[in-house]
Amino acid sequence: MQAMIDAVLPSMEKAVQDVGIQGDFWRNMLSRSKEASQGDLALPCFPFAKQLGCSPNEVAQKIADALELEIGEAIAVGPYVNIRASITWLANQIHQVPESKGSILIEHTSANPNGPFHVGRARNAVLGDTFVRMHRAAGYDVTAEYYVDDMGKQVGILCWALENLDEGRVHALLEEGGISSETSPHSGKQDHARVLWYQAANLLKAKDASVDAGVTELVQLSEEADEDILDRFESAYQPVLDGMLDTLGRMGIRFDSFTKESRFIVDGSVETLMGQLQSSELHGVAENGAHYLELESKGVKGKSTQFFYRRGDGSSLYATRDLAYHEYKWTQSDRLLNILGEDHKLQSKQVGIALEELNIQPPEVVFYAFTKLADGKMSTRRGNVVYMDDLLDEARSRALETVRESKPDLSEEKLLQIAEAVGISATRFNIARISPEKGITFRWSDALSLEADSAPFIMYSYARACSIQRKAGEVDAGFVLNPELLDGTAADLIRRLAYMNDELQTAIDSRSPHMFCAWLSALAVDYNRFYRDNYVIDDNGVNTQNLYISELAREHLRRGCEAVGIIPIEEM
RNA sequence: GGGCGCGUCGCAUAGCUGGAUAUUGCACCGGCCUCCUAAGCCGGAUGUCGUGGGUUCGAAUCCUGCCGCGCCCGCCA
């Protein structure tokens with residue numbers, strides 16, 4: 001952990017010099033021990049051996065002997081110097097509150113409002129919201145932002161369908177196309193209702209050219225920011241978007257601001273940027289008058305290295321509006337983070353280069369690999385999807401079985417509440433705990449797993465701590481932990497707690513939410529072991545020190561859960 | 001064809017700015033509820049880290065050839 005390294009470095013500097021080592025290349029080698037049993041920090045001594053002309057083991061012993069540490073002790077183990085922080089020092093770390101770290105705008109999800117939220121899109125939302133939550137927990141001022149695609153082809157098709165198809169036609173088309181239109185428990189939601197129109201229009205488009213013509217006309221007008229068309233588009237997509245946001249809200253995912261794509265056409269900023277790009281050295285014009293930037297010199301490779309930002313007819317493209325969007329976003333925050341699917345990698349690179357040409361700083365980006373179904377890619381258009389609403393229902397009913405079994409006395413309402421929290425948390429955690437660049441194949445059994453290394457496991461530890469607190473009462477405000485008395489699993493727990501802020505920051509900096517998920521799981525394990533070995537309530541009544549530690553763990557479990565979107569419930 | 005990413009026990013997964021016996025869970029085998037929540041705890045078995053080379057005192061980690069999978073290479077979004 002960084003605070004520990006900072007604390008050790010001066011002493012290490014001195015010890016290393018005393019032993020006669022030249023240079024400071026070793027600074028980067030001082031790092032986290034891989035296993036807790038080896039201590040907190042380790043310095044491998046192999047490279048020193050040559051310089052000093054003795055064995056790594058001897059060097060390690062010399063350095064360990066020369067080290068004078070305030071935070072703990074150093075022991076040479078073979079060719080390593082292992083440093084173990086004292087529980088006293090670690091316990092002090094626990095109370096360090098993260099300082100304020102400035103503002104960040106995190107844009108995520110931003111799915112086309114053309115149908116219900118499905119589990120492929122969910123990875124963006126879960127990842128994005130986890131970043132939002134982790135940043136908040138670490139002291140950042142976060143804006144969660146949704147970019148609304150309120151113009152262009154997808155919305156155009158939806159709008160055209162709603163204005164030109166009736167219910168009978170829609171069902172006939174879907175049946176013919178082999179897409180199910182049977183009513184689900186969610187068919188009352190407008191996202192579920194209207195997606196049928198969208199799917200039907202896509203089917204019809206394949207065999208009736210007049211559909212394309214109709215849609216194209218709408219899309220063209222929308223790109224000219226035609227007020228009437230934008231209004232019609234909005235009445236088509238807004239109920240769908242609302243339905244999607246309901247689903248997201250159910251998952252605990254909420255946004256602070258929504259920005260419409262059309263805004264940048266309306267306010268003229270897209271036009272201005274297109275003008276500015278003309279003076280770029282990369283600028284070029286195609287035969288039909290379309291404008292582009294030639295990106296070959298910027299390291300872009302492939303069939304086409306040209307980034308088109310203006311069509312032959314003078315209109316802008318999605319990516320062009322994205323440039324204006326980023327310019328706008330920088331007026332809102334100190335830092336920008338985008339959560340994007342890996343299919344956007346090239347586009348994102350192109351936009352980044354174009355932004356640099358405009359002297360606008362590119363955003364930071366997290367890419368994640370796709371979620372696919374066992375039988376192929378998910379597609380709203382083709383109806384090959386698992387909807388999030390259905391997944392969450394299924395997760396809840398699975399959880400309900402388990403809760404009913406273990407808590408038969410609870411009321412039906414309470415059972416449902418717990419099951420809902422467990423289902424949502426498990427679903428989210430199963431996504432957040434996997435490193436983003438790894439592809440996921442959706443399987444019901446995985447998605448609904450309530451086993452260990454899962455959200456319910458962590459929730460259970462928290463509920464256990466809550467139960468103990470209810471029985472044992474509050475700790476006196478003036479109570480001070482006596483770390484000298486701690487050992488075994490109690491000391492392990494304190495050590496784990498002390499690492500929280502560091503783990504959180506590391507996960508943020510390396511854009512790896514799964515790392516913080518792993519820490520949280522480990523905390524739950526440590527708490528369960530502490531629980532086994534250290535009774536808060538025994539024959540003599542309440543052990544205040546153990547209650548105090550249990551309460552520390554409870555508080556950290558709660559904060560950790562909130563940082564990854566697990567719902568901490570007090571009973572389960 | 002080119003670019004980017006991934007490939008770790010039967011399944012899933014961590015580690016990848018090189019370092020000590022490769023992490024964790026599921027499944028499998030065995031043990032623990034007269035005691036604060038057993039959705040828990042303890043123990044066991046399971047691995048050519050895709051594959052061939054290379055660099056290094058040391059490679060899952062770096063370089064490189066090959067194989068497999070995914071994504072991308074639109075004046076679409």
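Both backbone and side-chain heavy atoms feed into the values below; hydrogens, waters and symmetry mates do not. Remember, predicted model here, so these are calculated numbers, not experimental data. Residue numbers start from 1 in every chain, and the chains themselves are labelled A, B, ... in the order their sequence lines are given, proteins ahead of strands.
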How would nucleotides 70-77 of chain B be written as a contact map, 5' to 3', with B for base contact, S for sugar-phosphate-only contact and - for no contact, using protein heavy atoms under 4.0 Å? SSSBSBSB

Across all chains, not counting sequence neighbours, the side-chain hydrogen bond (donor to acceptor under 3.5 Å, both in side chains) partners of A/Tyr325 are A/Glu145

Within a reach of under 6.0 Å around CD of A/Glu364, are more than 12 heavy atoms found that belong to other residues, nucleotides or ligands? yes

Using the C1' atom on both, measure B/U61 against B/G54 and round to a whole Å. 15 Å

Going by centres under 5.5 angstrom and planes under 30 degrees, do the aromatic ring of A/Tyr531 and the base ring of B/C36 stack? yes

It should be established whether A/Arg464 places a side-chain nitrogen or oxygen under 4.0 Å from OP1 or OP2 of nucleotide B/G40. no

Does a side-chain N or O from A/Arg470 land closer than 4.0 Å to OP1 or OP2 of B/C36, or not? no

Parallel, tilted or perpendicular: rings of A/Tyr309 and A/Phe307 (30°, 60°): tilted

Expected output check: what is the dot-bracket annotation of RNA chain B, where ( ) and [ ] are pairs inside the strand (brackets for crossing ones), | is paired with another strand, and pairs are Watson-Crick or G-U under 3.5 Å? (((((((..(((......[....))).(((((.......))))).....(((((..]....))))))))))))....

With side chain to side chain contact (heavy atoms under 4.5 Å, CB included) as the test, would you mind laying out the steps for A/Lys301 and A/Thr305 before giving the verdict? CA-CA 6 Å; A/Lys301 292 169 182 160; A/Thr305 53; 5.6 Å; no

What string of B, S and - do you get for nucleotides 8-17 of chain B, 5' to 3', if B is base contact, S is sugar-phosphate-only contact and - is no contact with any protein heavy atom under 4.0 Å? B----SSS--

Any ion pair linking A/Arg263 and A/Asp150 (charged N to carboxylate O, less than 4.0 Å)? no

Look for any protein N or O under 3.5 Å of an N or O in nucleotides 29-35 of chain B and output each such pair with its distance, or none.
{"unit_1": "B/C35", "atom_1": "O2", "unit_2": "A/Tyr535", "atom_2": "OH", "d": "2.8"}

Please report the distance separating the C1' of B/C16 from the corresponding atom of B/G58, rounded so that it comes out in whole Å. 16 Å

Respond yes when some side-chain nitrogen or oxygen of A/Lys471 is under 4.0 Å from OP1 or OP2 of B/U37, and no when none is. yes

Return all side-chain donor-acceptor pairs below 3.5 angstrom for residues 535-543 of chain A, not counting sequence neighbours, or 'none' if the list is empty.
{"unit_1": "A/Asp538", "atom_1": "OD1", "unit_2": "A/Asn540", "atom_2": "N", "d": "2.9"}
{"unit_1": "A/Asn543", "atom_1": "OD1", "unit_2": "A/Gln545", "atom_2": "N", "d": "3.1"}
{"unit_1": "A/Asn543", "atom_1": "OD1", "unit_2": "A/Asn546", "atom_2": "N", "d": "2.9"}

Between A/Arg464 and A/Tyr531, is NZ or CZ placed under 6.0 angstrom from the six-membered ring centre and within 45° of the ring axis? yes

A/Tyr368 OH to B/C4 P: how many Å, rounded? 21 Å

Return the CD1 to CD distance between A/Ile508 and A/Glu503, rounded to the nearest 0.5 Å. 12.0 Å

Pair A/Asp526 + A/Arg495: basic N to acidic O under 4.0 Å: no

Using a cut-off of 6.0 Å, state whether more than 12 heavy atoms not belonging to A/Glu73 lie near its atom CD. yes

Please state the P separation for the pair B/U23 and B/C4 - nearest whole angstrom. 32 Å

